[in-house]
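So that the names make sense, note that chain A is the first sequence line, chain B the second, and so on, each numbered from 1.
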Protein chains: 4
Amino acid sequence: MPLSEEQIQNMQRKRRQILIAAATLFAEYGYEGTPVKKIAEAAGVSFGSVFTYFDNKETLFHSAVTEPLKEFEKLVEEIDPEAEDVLAELETMVSKHIRIYASMNEFLNLVTRVLTHYRKFPDTFKELDEFHERLRERVMELVVSGQNKGVLYEQDPGNVATVYTSLLMGMRLSLIDEPESSMWERLVPHVMQIFGPKH
Amino acid sequence: MPLSEEQIQNMQRKRRQILIAAATLFAEYGYEGTPVKKIAEAAGVSFGSVFTYFDNKETLFHSAVTEPLKEFEKLVEEIDPEAEDVLAELETMVSKHIRIYASMNEFLNLVTRVLTHYRKFPDTFKELDEFHERLRERVMELVVSGQNKGVLYEQDPGNVATVYTSLLMGMRLSLIDEPESSMWERLVPHVMQIFGPKH
Amino acid sequence: MPLSEEQIQNMQRKRRQILIAAATLFAEYGYEGTPVKKIAEAAGVSFGSVFTYFDNKETLFHSAVTEPLKEFEKLVEEIDPEAEDVLAELETMVSKHIRIYASMNEFLNLVTRVLTHYRKFPDTFKELDEFHERLRERVMELVVSGQNKGVLYEQDPGNVATVYTSLLMGMRLSLIDEPESSMWERLVPHVMQIFGPKH
Amino acid sequence: MPLSEEQIQNMQRKRRQILIAAATLFAEYGYEGTPVKKIAEAAGVSFGSVFTYFDNKETLFHSAVTEPLKEFEKLVEEIDPEAEDVLAELETMVSKHIRIYASMNEFLNLVTRVLTHYRKFPDTFKELDEFHERLRERVMELVVSGQNKGVLYEQDPGNVATVYTSLLMGMRLSLIDEPESSMWERLVPHVMQIFGPKH
DNA sequence: TATGAATGAGGGTTCATTCAT
DNA sequence: CATGAATGAACCCTCATTCAT
């Protein structure tokens, strides 16, 4: 007996609820600190159901980290390395990134856990690393373009990109300001320095 | 009957071994992911002995994080805000910090865990935060001095310091290069940009 | 999906088995002297199951003591303070009580443990005390009635009731005779003396 | 090198302190509920010293229960089965016993623990039982004398003695009144009923 | 004799996973 | 598919006993 359309949607919703609850709790309490029971409760789902949707806890963790990553892909795609006004494009990018990193507190906590724990979650780490690499590539291209256009000082573009993405993560880690705080916006020009804009 | 000198030294060595083993394992596997049993084994000490030296696992974690912190105090003290040549002083500082952060992989992993878990370890977090604040203060003073001397562009010194310390943490988190890698040294000039040196 | 009728009954049986095993072992070896593991074994249940039915060992102890208490409520209710022949009623009561106290060896051992340990089990103690108070009240009423009817010597009825219930506990504690022993029955007239029957 | 007189006295004092502390704590928290460490602390003695004076915890428990028993021997000896005025002798005895049982709260708690736990402490139980038997014998003799003199109703003297000692234990167990309470004294005439005094 | 550090077995409790319903 | 009871390994911690000093 095939499942009805409604049933399928129901199941997809359940799956999503579990993922969201898992991400939240894993971010706050860590992998070992989060019992499956609590995830089920937070998702409003029976305990057993968690295991109908995910093989085991580890799989659930992996999905909770990597699936939201897809939404961030646009962060990469929205960067236009061929923009005319490189400085403006950079500033837009930095501002957007800072805003998003500020608001993604919870998710980035999760990411941090994987980074500091990468031997325990090698597959998950790999996916994060690949995303990071894509982001870095784009930034690099934009930097190269800026240097060619003479609006940025000459520096190793790879290093610039590395320092930039590091800074994003570091800020998220060091600052406990709320995402709404004006603090974040004020940091934009400081971050811009990284790229070596000619004054 | 007081303990002999030798016994006391023996105990201190044991305590240190436990702390080192704990720091290593906590850094690698996290707090919940590290059984006390393993710490004891790694330290070459019986299970029960861990509890002779530390009241419980939480206390051990706290000590493993905060006691090494004392050694880093010199990182703060070595910064001379009244240096004549501010740019040289900054460059020395950045170079030293990067080198130390690179070599402190394990310890900074531990620090990161506290930062992402600060609700679980409030006391430990507080001590880290206070250290961070002392470091930030010193950096700020040096930046102010540089701006007054006209060798740095005018920027909010607090923000500069914030961005700088964030960057240090972020680099440690993002880069998995070995401490010996020349990569770290090459990043120094990039980091210097943060301070807005006049070319 | 609700549990089937059979499952529910199964669970109730399991719960009862655990309670019985717990009562037996707690009575024999005391609270600290009884590992949960042994209770599980005695109940023919897995170790983990004990915690499916009871939050923790303390709760299990509380239940093991107070739940059987309900069955004893009839000891109180069966006393008729308005009986015509007070002496006969008293004798019936004493005989019944002695028989029951003799047969409840194990349970009363448990009770004794709570009484001697009442600071450790305040809630459990309270329930026992309330039961005891109800019993005392009834006995008192009957004594008052007997004195009014002139078949008992005048004595403070409260004290009489106190001495009576104390004696019941004391006998249980001092005598190790089997419940079947005729010893118990032979003590009835001696206990009757407490009430001051006129000869 | 023989021990000096002072040293010997010192050791005896230490031993006594340990015994007192042990009795107090065992009475309050039970055997398993009392760590040796706490006994040492309460006795103002080093942890290791407890084991210099007592082979192990069980031995210490045994001594803590049986050694004070010697002081109670006078309770038995002071009963004069050949007293002229048996009723007066009985009343004196009851009054004294009640007073002592009231004040021995702690020690009798300990006794109760042995009685309810007699399979665990067979040797200790045996000594208590022998003491109890000696007391019972004396009471019996006095009862026989009273019956012969015609001042007590005829009843089985053994049973009377049994009921009497049971009552003493039962009262101690049921009543939580302070030893100073006048309650205890008021119960004397009620207890006297047990012996069947002719009015 | 006095001390207290060292040890590891054993305790209560948690929890991922399984599986019958 | 949905549910939650069943299980037992693994966790942290306690503590009686030993023993070197």
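Between B:Ser49 and E:dT7, a side-chain N or O to OP1/OP2 separation shorter than 4.0 Å is present. Residue D:Ser46 places none of its side-chain N or O atoms closer than 4.0 Å to OP1 or OP2 of E:dA2. Dashed line: the shortest gap from a side-chain N or O of D:Tyr53 to OP1 or OP2 of E:dA2 is under 4.0 Å. Between B:Lys14 and E:dA6 there is a side-chain N or O to OP1 or OP2 distance below 4.0 Å.
The residue among C:Glu6 and D:Thr52 whose nearest nucleotide of DNA chain E lies closer to the 5′ end is D:Thr52.
Counting only distance, with no hydrogens or angles, the side chain of B:Thr112 and the backbone of B:Leu108 share a donor-acceptor pair below 3.5 Å. Looking only at distances, a side-chain donor or acceptor of C:Thr34 sits under 3.5 Å from a matching main-chain atom of C:Leu25. When atom types are taken as modelled, the side chain of D:Ser46 and the backbone of D:Ser49 share a donor-acceptor pair closer than 3.5 angstrom.
What you find for C:Phe47 and C:Ala40 is that their closest heavy atoms are CA-CB, 3.8 Å.
B:Asn10 pairs with exactly one of B:Gln7, B:Arg13, B:Lys14 by the side chain to side chain donor-acceptor pair (under 3.5 Å) rule, that one being B:Arg13. With respect to B:Thr124, the side-chain contact (heavy atoms from CB on, under 4.5 Å) criterion is satisfied by exactly one of B:Asp129, B:Val111, B:Leu110, B:Val65: B:Val65.
Taking A:Phe121 as the reference, A:Tyr31, A:Phe61, A:His117 meet the ring-ring contact (aromatic ring centres under 6.0 Å, His included) condition, with sequence neighbours excluded.
The CZ-P distance, from A:Arg15 to F:dA2, rounds to 13 Å in whole Å. Following rounding to the nearest Å, A:Gln12 (CD) and F:dC1 (P) show an atom-to-atom distance of 14 Å. Atom CZ of D:Arg13 and atom P of E:dA2 are 11 Å apart (whole Å). One atom, CG of C:Asn10, and another, C1' of E:dA20, lie 11 Å apart when rounded to the nearest Å. C:Lys38 places its NZ atom 11 Å from the P atom of E:dG10, with the value rounded to the nearest Å. In this entry the distance linking CG of C:Leu25 with P of E:dG12 reads 12 Å, nearest Å. If you measure from atom CZ of C:Phe54 to atom P of F:dA6, you get 12 Å, rounded to the nearest angstrom. Atoms CD1 (B:Ile39) and P (E:dT7) sit 16 Å apart, rounded to a whole Å.
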What nitrogen or oxygen pairs link the protein and nucleotides 14-17 of chain E at under 3.5 Å?
unit_1: E:dA16; atom_1: OP1; unit_2: A:Lys57; atom_2: NZ; d: 2.8
unit_1: E:dA16; atom_1: OP2; unit_2: A:Val36; atom_2: N; d: 2.8
unit_1: E:dT17; atom_1: OP2; unit_2: A:Lys57; atom_2: N; d: 2.9

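With respect to the salt-bridge test (charged N to carboxylate O, under 4.0 angstrom), the residues D:Arg113 and D:Glu32 do not qualify. Salt bridge status for A:Arg15 with A:Glu67: present, with a side-chain N to carboxylate O gap under 4.0 Å.
Stems are defined here as 3 or more consecutive Watson-Crick or G-U wobble pairs with pairing distances under 3.5 Å; those involving DNA chain E are E:2-21 with F:2-21.
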